[in-house]
Amino acid sequence: MHEFFLPVIQRALTALGITTDKAIRIEQPADKKFGDFSTNIALLVAKECRRNPRELALELISHLEFPADTIANTEVAGPGFINFYLTAHCIMRSVEELLLMGDTYGNGTGGEGKKAIVEYVSANPTGPLTIGRGRGGVLGDCIANLFETQGYRVTREYYFNDAGRQMQILGESVRFRYLERCGKESSFPDSHYQGEYIRDIAEKIFNEKGNSLAEESEVEFFKKSAEEIIFASIRKTLERLGIRHDTFFNEHTLYSAQGSEPSRNSAVIASLTEAGFIGTYDGATWFLTTKLGQEKDKVLIKSTGEPSYRLPDIAYHITKYERGFDKIVNVFGADHIDEYPDVLEALKILGYDTSRIAVAINQFVTTTVDGQTLKMSTRKGNADLLDDLIDDVGADATRLFFIMRSKDSHLNFDVELAKKQSKDNPVFYLQYAHARICSLLRMAKQENGFDPDSDTEHHLLQLLSSPAELQLGFALLDYPDTIKGCLRLLEPQKMVDYLHSLAEHFHRFYQECPILKADADISRARLFLALATRQVLHNGFRILGVSAPESM
RNA sequence: GUGCCCGUAGCUCAAUGGAUAGAGCAUCAGCCUUCUAAGCUGAGGGUUACUGGUUCGAGUCCAGUCGGGCGCACCA
């Protein structure tokens with residue numbers, strides 16, 4: 001609805017000869033007695049105009065010109081708010097349009113012709129996915145979905161490294177377990193991966209190779225096998241949540257020279273050297289971030305000659321620019337919080353427009369079972385596995401629980417609650433609304449021959465006028481703005497809240513307004529309203545990646 | 001010590017600088033001979049951790065204090 005009000009208010013301001021750099025904002029008052037929509041523009045500009053805000057608001061009102069039969073009333077209230085009340089006609093007209101748009105309702109055009117990349121999960125294949133990773137995975141997936149609604153061509157990317165030290169340790173861990181399996185003495189180090197899955201991998205190798213590798217001192221085979229097996233399991237887990245990446249970017253490709261061209265890592269060092277931000281001391285090559293006011297310089301190439309993770313990270317981001325992405329979104333957990341500012345600084349120095357980059361950081365997940373908090377660590381092998389959680393509570397609850405809290409808040413995942421097949425579980429409240437509508441439509445077809453595909457007299461909606469009907473209709477109009485709000489903040493949680501409140505409006509409407517038992521025209525009008533609600537629930541569920549059950 | 005996040009009802013969490021701080025769960029009281037009661041209606045429950053500041057207006061912004069989480073490697 002923002003698009004509806006903004007130009008009208010802007011014209012009124014111009015008519016009064018007021019220019020301001022303050023953004024006009026349209027908000028929805030919490031309390032309906034302050035209107036369906038409201039603006040504080042008079043309060044904002046009053047000062048610079050040296051005017052009384054109320055008087056200014058009154059004058060503004062007289063210059064507002066809305067299309068016929070859309071605004072029932074405009075008033076000035078409080079210190080100078082301007083409150084607007086929509087007509088029933090306006091609300092139901094919009095619901096009619098919604099029905100015509102169907103699956104595309106809520107979509108925008110802001111991203112047409114643009115490319116976006118969303119990078120998420122990006123776990124190295126050292127072990128099965130943990131619950132903590134799941135939160136970032138679902139968050140990233142939803143963000144990608146949100147960008148698609150605006151017309152962006154979205155690439156979902158997974159960045160990984162199969163060459164670092166952690167992978168080496170992984171290989172060694174498997175080798176130790178394998179030797180144990182062969183009946184040999186092995187002193188498994190505390191520093192290595194303790195998880196049961198290491199034994200499973202060793203077992204698998206033993207079953208295929210017997211003890212033929214017992215004398216093998218090279219760890220390479222064990223590492224490679226482990227990587228393959230673990231990666232397959234990660235992808236399988238993600239698939240269960242409906243998360244599919246388009247591209248898997250191997251960090252190691254940044255290390256090797258391309259024909260006569262130097263490696264991407266070297267190219268970064270060369271450019272940063274040219275810019276004067278590279279120094280060498282203590283046997284290492286440093287990014288001179290102290291020049292940018294930071295406390296310490298950051299190592300780009302270790303004294304061993306290997307790049308630290310920062311260098312390929314910078315090189316990696318350059319590829320995102322070179323691949324032509326207009327919007328670059330990175331999703332990661334709070335433990336990587338210190339990582340990206342250096343990357344941004346380097347990109348800035350190298351002349352890249354870092355305003356294209358948006359970073360979504362999700363805080364940690366603590367899992368509680370029976371009120372007990374579980375602490376996790378992949379290394380120690382006592383991690384909560386994402387797979388186990390999905391087994392326990394199902395994919396829908398897993399996804400919804402991960403995004404029903406703001407990404408900035410520490411998520412308390414109550415496994416007992418998510419497991420409950422009862423109304424305590426918020427997943428059911430949303431899905432129930434959808435199932436209820438489907439059931440209603442089935443019955444309408446059976447008993448009254450109502451068929452949404454051929455029955456298109458949507459104008460009957462104009463017959464509806466009760467508060468429950470209008471409030472539901474009004475809630476439906478919020479959906480497009482909700483998407484935009486989610487995108488602005490990279491925060492799908494707002495969609496969960498919105499859908500919850502939409503479901504609430506529907507249930508109230510359902511309670512108060514007989515649908516199949518009403519007079520023929522009213523009955524059809526209410527069916528259209530229910531149909532529109534189902535459409536919006538359906539569209540919203542698709543963004544969240546939650547299923548829309550037709551019966552429960 | 002320092003960087004980032006958080007501190008809001010008994011619990012889990014909302015609230016683009018706006019008007020009387022809201023939901024769910026839990027507690028209590030109502031609503032099914034009627035389209036799915038996995039629902040609806042109502043009640044109680046708050047010094048928004050604390051202290052200052054900015055402004056017409058602060059849970060929100062700024063400074064400080066106190067608590068909790070996560071980082072602070074020549075690991076990723």
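Numbered from 1 within each chain, the chains take letters A, B, ... in sequence-line order.
Comparing B/U33 with B/U16, their P atoms are spaced 43 Å from each other, to the whole Å. For B/A9 and B/G59, the P atoms lie 15 Å apart once the distance is rounded to whole Å. B/C28 and B/G68 have their P atoms separated by 35 Å, given to the nearest Å. For the P atoms, the distance from B/A21 to B/U60 is 15 Å, rounded to whole Å. Of the P atoms belonging to B/A26 and B/C66, the separation is 39 Å, rounded to the nearest Å. Nucleotides B/G22 and B/G45 are separated by 14 Å at their P atoms, to the nearest Å. When the C1' atom is compared between B/G3 and B/A43, the two are found 47 Å apart, to the nearest whole Å. Of the C1' atoms belonging to B/U48 and B/C56, the separation is 22 Å, rounded to the nearest Å.
Across all strands shown, B/C25 forms a Watson-Crick or G-U wobble pair, both distances under 3.5 Å, with B/G10. Pairing for B/U65 goes to B/A49, judged as Watson-Crick or G-U wobble with the two contacts each under 3.5 Å. When both distances must be under 3.5 Å, the Watson-Crick or G-U wobble mate of B/G71 is B/U2. In this structure B/U33 sits in no base pair that meets the Watson-Crick or G-U test at under 3.5 Å. With a 3.5 Å ceiling on both atom-pair distances, B/A38 lacks any Watson-Crick or G-U wobble partner.
Within the 4.0 angstrom heavy-atom criterion, base atoms lie near A/Ala435. The residue A/Ile26 sits close to a base: some heavy atom pair falls under 4.0 Å. Nucleic acid contact for A/Arg405: base, since at least one base atom lies under 4.0 Å from a heavy atom of the residue. Among the atoms of the strands shown, base atoms are found under 4.0 Å from some heavy atom of A/Cys513. Within the nucleic acid shown, A/Met552 comes within 4.0 Å of at least one base atom, counting heavy atoms only. Counting any heavy atom pair closer than 4.0 Å across all strands shown, A/His336 reaches a base atom. Nucleic acid contact class of A/Pro53 (heavy atoms, under 4.0 Å, all strands): none. Counting any heavy atom pair closer than 4.0 Å across all strands shown, A/His507 reaches sugar-phosphate atoms only and no base atom.
If you check B/G24, B/A19, B/A14 against the side chain of A/Ser38, the one that comes closest is B/A19. The A/Gln493 side chain lies nearest to B/A15 when the options are B/A15, B/C56, B/C70. Nearest nucleotide to the A/Phe364 side chain, out of B/G18, B/G68, B/C70: B/C70. Side-chain atoms of A/Tyr510 lie closest to B/A37 of the nucleotides B/A37, B/C6, B/C74. With B/A76, B/C40, B/C35 as the candidates, the nucleotide lying closest to the side chain of A/Glu339 is B/A76. Closest approach to the A/Arg436 side chain among B/C74, B/G18, B/A37 is made by B/A37 (side chain taken as heavy atoms from C-beta onward). The side chain of A/Lys494 lies closest to B/A15 when the candidates are B/G18, B/G69, B/A15. In this structure, the nucleotide among B/C74, B/U16, B/G18 sitting nearest to the side chain of A/Arg25 is B/U16. Of all nucleotides listed (B/U34, B/C13, B/U16), B/C13 comes nearest to the side chain of A/Asn412. Comparing B/G18, B/C75, B/A23 against the side chain of A/Glu504 picks out B/A23 as the nearest.
A/Lys320 has no carboxylate O lying under 4.0 Å from a charged side-chain N of A/Glu157, or vice versa, which leaves the two without a salt bridge. A salt bridge links A/Arg51 to A/Glu59: one of the charged nitrogens lies within less than 4.0 Å of a carboxylate oxygen. A/Arg310 and A/Asp313 are not joined by a salt bridge, as no carboxylate oxygen comes within less than 4.0 angstrom of a charged side-chain nitrogen.
Taking atom CD1 of A/Ile278 as the reference point, atom P of B/C74 lies 15 Å away to the nearest angstrom. Across the protein-nucleic acid pair, A/Met495 atom CE and B/A14 atom P stand 17 Å apart, rounded to whole Å. Spacing between atom CZ of A/Phe34 and atom P of B/G18 amounts to 14 Å, rounded to whole angstrom units. Computed from coordinates, the A/Ile337 CD1 to B/G71 C1' distance equals 8 Å when rounded to whole Å. B/G71 atom P lies 17 Å from atom CG of A/Asp342, rounded to whole Å. Per the geometry, CG belonging to A/Asn124 stands 14 Å off P belonging to B/C75, to the nearest Å. Computed from coordinates, the A/Leu440 CG to B/G39 P distance equals 17 Å when rounded to whole Å. Going from atom CG of A/Asp335 over to atom P of B/G71 covers 6 Å, rounded to whole Å.
Residues A/Asn161 and A/Tyr309 have side chains that never bring a donor and an acceptor to within less than 3.5 angstrom of each other.
Remark: A/Arg436 fails to qualify as a cation-pi partner of A/Phe506 under the 6.0 Å distance and 45° angle criteria applied to the six-membered ring.
Checked by distance alone, A/Asn83 brings a side-chain donor or acceptor within 3.5 Å of a matching partner on the base of B/A19. The base of B/G3 has none of its N or O atoms less than 3.5 Å from a complementary donor or acceptor on the side chain of A/Asp338. The base of B/A76 lies outside donor-acceptor range of the side chain of A/Thr126, with no N or O pair under 3.5 Å.
Of the residues in residues 295-312 of chain A, those placing a heavy atom less than 4.0 Å from an atom of RNA chain B are A/Lys296, A/Val299, A/Lys302, A/Ser303, A/Ser308, A/Tyr309, in numerical order.
In this structure, A/Phe81 forms an aromatic stack with the base of B/A19, since both conditions hold: centre separation below 5.5 Å and plane angle below 30°.
One finds a side-chain N or O of A/Tyr429 lying less than 4.0 angstrom from the OP1 or OP2 phosphate oxygen of B/C40. Regarding contacts with the backbone of B/U16, every side-chain N or O of A/Lys484 stays at 4.0 angstrom or more from both OP1 and OP2. Distances shorter than 4.0 Å separate none of the side-chain N or O atoms of A/Ser409 from OP1 or OP2 on B/G7.
In this view, A/Thr319 and A/Arg323 satisfy the side-chain hydrogen bond (donor to acceptor under 3.5 Å, both in side chains) rule, not counting sequence neighbours.
With a glycosidic angle no further than 90° from 0, B/C32 counts as syn.
Expressed to the nearest 0.5 Å, how far CG of A/Leu6 lies from CD1 of A/Ile24 amounts to 6.0 Å. Interatomic distance, CD of A/Glu306 versus CG of A/Leu311, reported as 12.0 Å (0.5 Å rounding). Distance check: A/Glu251 CD to A/Ser122 OG gives 10.5 Å after rounding to the nearest 0.5 Å.
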- Between A/Phe450 and A/Phe528, does a ring pair (Phe, Tyr, Trp, His ring centres under 6.0 Å) hold up when you go through it step by step? CA-CA 10 Å; A/Phe450 177 79; A/Phe528 285 131; 5.6 Å; yes

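Of all the heavy atoms in A/Ile361 and A/Val359, the pair that sits closest is CG1-CG1, 3.7 Å.
Taking the six-membered ring for Trp, A/His505 and A/Phe474 have ring centres at least 6.0 Å apart.
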